[in-house]
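These notes concern the structure reproduced below.
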Amino acid sequence: MNNYHLTPSNLGYFVFNATDLPAWKTFLQDIIGLQVGSKSNNQALVLRIDSQEQRILIQQSDNDDLAAIGWELDSEESLDALAIHVESQGVDIQAADSDFCSTRAVEKAYICTDPNGVNHELYFGAAVAPMSESFKSSVMKGEFLAERFGAGHYVAIAEDKDDTNHFYRDVLCLRLSDYIRGEIAPGGPVLDATFMHTKTGRHHSAAFAALPFPKKLHHFMLQVEDMNDVGLACQRCKDADIPFFMELGHHPNDQMFSFYVATPGGFGLEIGWGGLIIEEGNWEVKTYSQPSDWGHQQGAH
Ligand SMILES: [Fe+2]
């Protein structure tokens with residue numbers, strides 16, 4: 001099915017449920033280097049990584065997991081067209097009210113739910129912070145790679161590969177990037193992951209795999225522009241005794257140099273540099289046999 005005209009522009013925001021907002025604030029602001037946004041309060045923590053007012057919303061909850069993914073469309077027309085398409089595929093989709101849109105700092109949104117219980121919020125018109133409040137990290141050397149490429153990527157846990165594949169590709173109209181099918185470590189469990197991209201071409205915005213993991217989300221990824229910021233963040237995590245999922249390493253498919261740590265929510269955060277940007281029409285889908293071509297050793301914790 002070629003629905004490229006309906007494909008979202010980028011993954012614009014993450015929404016997480018959290019039981020411990022202060023722990024998240026320390027982790028993301030002081031250790032990783034994000035900026036706390038002005039709309040934060042004692043029920044919600046808003047974080048910035050670029051010129052937009054919010055890229056991550058962490059809402060006080062009784063659980064710690066992914067709540068929603070925000071997919072940006074460039075115009076109201078393209079947003080409405082995708083919403084009509086989602087409904088035509090037999091998936092229930094609702095228009096969000098203005099109160100909801102203000103919690104997401106967007107003009108207009110629709111909400112639908114995937115086969116794994118994750119909400120997908122399609123939107124346009126994200127709020128931009130005033131020029132006088134340009135993004136500032138208290139600890140990073142450089143900046144995050146975001147703006148038109150969106151917030152980052154995530155890997156979801158998918159129990160039913162076929163249903164999930166159908167939802168991401170035929171309903172949300174994401175584009176196939178590649179696959180990794182192989183042993184995570186020699187003799188260990190086999191990974192079978194599918195990677196998908198949006199129009200602006202970050203190698204993948206979404207991926208899914210059937211991993212033995214007790215969350216809807218395995219990890220989300222934020223990309224930095226200066227390679228030194230991977231090493232510096234890695235060192236800050238070690239100094240703060242943050243548990244590591246995987247040490248520094250390199251992925252063969254998106255060419256990302258990265259490490260993975262446990263967030264206060266129990267799922268992972270990957271900090272990466274060097275991820276490929278896909279040019280549509282000039283991309284060959286491949287299947288890789290290993291998740292990492294070097295490093296990414298499982299954490300000792
Ligand atoms: Fe990743």
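For ligands, and for the atoms within them, numbers begin at 1 and follow the listed sequence. Computed from a prediction, not measured in an experiment: that's the story for all the values here. By convention here, the first residue in the shown sequence is residue 1.
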Which is it for T198 and N10 under the side-chain hydrogen bond (donor to acceptor under 3.5 Å, both in side chains) test, yes or no, and what are the steps along the way? CA-CA 5 Å; T198 61; N10 62 81; over 6 Å; no

Please walk me through it: do T164 and N116 pass side-chain hydrogen bond (donor to acceptor under 3.5 Å, both in side chains)? CA-CA 8 Å; T164 305; N116 305 299; 3.2 Å; yes

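Residues H219 and T263 bring no donor and acceptor atom of their side chains to less than 3.5 Å of each other.
In this structure, H203 has its ring center at least 6.0 angstrom away from the ring center of H153.
For the atom pair C173 SG and Y4 OH, the distance stands at 12.0 Å (nearest 0.5 Å).
A ring-ring contact (aromatic ring centres under 6.0 Å, His included) with F267 holds for exactly one of F213, F16, Y154; it is F16.
Near the Fe ion (ligand 1), less than 2.8 Å away, sit the protein N, O or S atoms H153 NE2, H219 NE2, E270 OE1.
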